[in-house]
S.K.: 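Handing you this structure, nothing more for now.
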There are 2 protein chains.
Amino acid sequence: MKYQNMTPQSTVRRLPLYLRKLDHLIESGIQVTSSQELSSRTGFTAEQIRKDLAYFGAFGTRGKGYNTKFLREKILKIIGLDEQTNIVVVGVGHLGIAITRYNVTKNPYVNVAAAFDIDPAIVGKKILDVEVLHISRLKETAKKQDIRAAVLTVPAEHAQAGFQSIVESGINVIYNFAPVKLPAMKGIYVHNADLSAELQSIIYYATMLHKEKNKILAKK
Amino acid sequence: MKYQNMTPQSTVRRLPLYLRKLDHLIESGIQVTSSQELSSRTGFTAEQIRKDLAYFGAFGTRGKGYNTKFLREKILKIIGLDEQTNIVVVGVGHLGIAITRYNVTKNPYVNVAAAFDIDPAIVGKKILDVEVLHISRLKETAKKQDIRAAVLTVPAEHAQAGFQSIVESGINVIYNFAPVKLPAMKGIYVHNADLSAELQSIIYYATMLHKEKNKILAKK
DNA sequence: TCATGTGAAGAGCTTCACAGCA
DNA sequence: TGCTGTGAAGCTCTTCACATGA
């Protein structure tokens with residue numbers, strides 16, 4: 001795809017962080033903000049924020065700033081969080097439970113419709129108010145409700161099977177935590193969050209800092 | 001920093017995935033591989049893999065390929081996983097437990113030295129063989145052992161305090177899962193993994209696919 | 001006057017095309 | 001011959017500088 005009319009991925013990744021900041025500002029009773037203020041505590045430059053927002057329209061008032069509630073509504077609409085957004089969690093280990101619990105208690109914009117596993121010891125239980133169902137019931141759940149995305153938090157050896165269950169149920173967006181490269185399929189969007197690979201790449205920077213420190217010590 | 005001699009961040013993020021692929025190949029008894037083979041099932045192009053490796057040296061043989069074990073050793077050395085790599089986990093909720101367990105059982109290159117929390121109900125217990133200590137003991141642990149990085153998995157309201165404890169203990173690399181922007185500090189490297197923000201950005205793409213589907217249906 | 005919105009310049013990263021070497 | 005290693009070209013994204021308009 002050519003670079004035209006397309007929103008940069010990096011912009012899309014930042015939108016939720018603007019949203020969170022706006023939530024905080026609105027909670028504090030602040031009605032008008034600026035790209036400068038949004039810049040503080042998010043780590044992005046004011047120019048970048050303005051450009052990001054400009055991809056979707058002109059939401060501010062020149063010389064004044066942005067209305068916080070108005071901008072929040074706009075961003076919610078852009079992301080698609082303005083309507084009921086149902087997701088499912090596939091794989092009820094510690095990671096799956098953590099994500100389920102977080103979204104139920106802290107994320108008002110997303111509804112965890114159900115969680116799925118194959119372990120009979122877990123199936124039938126509940127995580128807060130979310131039922132844990134057998135994976136064989138994923139398809140019927142997806143038929144009854146409009147499920148926008150699946151979070152895949154199963155061990156590597158079950159990733160392939162979990163992926164297949166999700167795709168067969170008609171869900172076409174997957175947030176994959178299994179350390180496995182899922183096959184590319186047309187119309188299926190997969191976002192990989194490979195936490196252990198990421199940890200290792202962080203260790204690269206730790207090693208750099210470590211070597212630098214030793215070098216400075218050696219000079220003395 | 002200017003773009004010279006610097007390894008692209010994106011290259012560093014891919015190294016662990018090459019490492020994992022090499023582990024698989026070596027397990028299967030394969031001694032020689034090619035950028036083409038490394039390309040399959042990792043999702044990166046062969047050219048990109050060759051360029052990534054070339055930042056660190058010439059590890060292959062022209063016309064032949066790469067020796068799998070040799071290349072693994074080289075990558076381990078580059079990342080800094082060739083020596084004992086100790087990390088700590090700060091925050092023993094479900095996410096902290098998930099990360100601790102995964103690294104103990106599945107990641108032979110990293111050692112979880114200890115986990116820390118403030119909850120007396122958890123302190124003193126063990127996650128597999130990893131002791132859960134009170135956060136006040138982080139400093140002494142870091143003094144005794146060479147801790148390369150800390151994984152921060154506490155709720156948002158404790159992120160600031162957890163960050164401070166880590167920095168004060170002398171650890172300068174942090175893998176932060178709390179949905180909070182930690183303050184920039186000189187000599188401290190923070191990598192943010194904001195899972196709920198990421199989920200929301202994924203929902204943006206889900207919304208795009210959803211609208212597209214509805215548009216196609218409307219045409220009929 | 002002040003903060004937004006935006007073309008243009010620049011930096012970072014990927015892809016291309018092929019030279020180089022076992 | 002075949003696959004690595006690499007300058008050059010191209011693409012994406014960020015930063016700059018300023019025109020724009022409440």
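We use all heavy atoms of the structure for the numbers below, so side chains are in, but hydrogens, waters and symmetry mates are not. Residue numbering restarts at 1 for every chain, and letters A, B, ... go by the order of the sequence lines.
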S.K.: Just how far, in rounded Å, is P of D:dT12 from CD of A:Q9?
M.R.: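 Whole-Å distance recorded here is 11 Å.
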S.K.: Once you round it to whole Å, what is the distance between P of C:dT15 and CZ of B:F44?
M.R.: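 Distance check: B:F44 CZ to C:dT15 P gives 11 Å.
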S.K.: Tell me, for nucleotides 2-8 of chain D in 5' to 3' order, what letter each nucleotide earns: B for a base near a protein heavy atom under 4.0 Å, S for only sugar-phosphate near one, - for neither?
M.R.: BBBBBBB
S.K.: Would you find a donor on one side and an acceptor on the other, under 3.5 Å apart, between the side chain of A:R41 and the backbone of B:K181?
M.R.: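 Answer holds: yes.
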S.K.: Check for a donor-acceptor pair, side chain of A:T153 on one end and backbone N or O of A:G91 on the other, with a separation under 3.5 Å.
M.R.: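 Here the side-chain-to-backbone pair exists.
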S.K.: Just grab all the ring pair (Phe, Tyr, Trp, His ring centres under 6.0 Å) pairs involving residues 188-218 of chain B, residues at least two apart or on different chains.
M.R.: A:Y189-B:Y205, A:Y205-B:Y189, B:Y175-B:H191
S.K.: Does any residue of residues 10-29 of chain B have a heavy atom under 4.0 Å from DNA chain C, and if so, which ones, in number order?
M.R.: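 Per residue number, the list reads B:S10, B:R14.
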S.K.: Could you tell me which residues satisfy side chain to side chain contact (heavy atoms under 4.5 Å, CB included) with A:T61, sequence neighbours excluded, listed by chain and number?
M.R.: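 Only A:K64 meet the side chain to side chain contact (heavy atoms under 4.5 Å, CB included) criterion with A:T61.
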S.K.: Distance check needed: D:dT14 P versus A:I49 CD1, whole Å only.
M.R.: 12 Å
S.K.: Assess whether atom CD of B:Q84 is packed by more than 12 heavy atoms of other residues, nucleotides or ligands within 6.0 Å.
M.R.: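 Yes, enclosed.
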S.K.: Between A:Q200 and B:Y109, is the side chain to side chain contact (heavy atoms under 4.5 Å, CB included) condition met? List the steps.
M.R.: CA-CA 9 Å; A:Q200 293 183 348; B:Y109 301 122; 3.9 Å; yes
S.K.: Tell me, which pairs form a ring pair (Phe, Tyr, Trp, His ring centres under 6.0 Å) where one or both residues lie in residues 87-107 of chain B, sequence neighbours left out?
M.R.: A:H94-B:H94
S.K.: Under 4.0 Å, heavy atom to any atom of DNA chain C: which of residues 191-202 of chain B qualify?
M.R.: none
S.K.: Near B:E73 CD, under 6.0 Å, is it more than 12 heavy atoms from other residues, nucleotides or ligands?
M.R.: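 Yes, CD of B:E73 has more than 12 neighbouring heavy atoms, counting only those of other groups under 6.0 Å.
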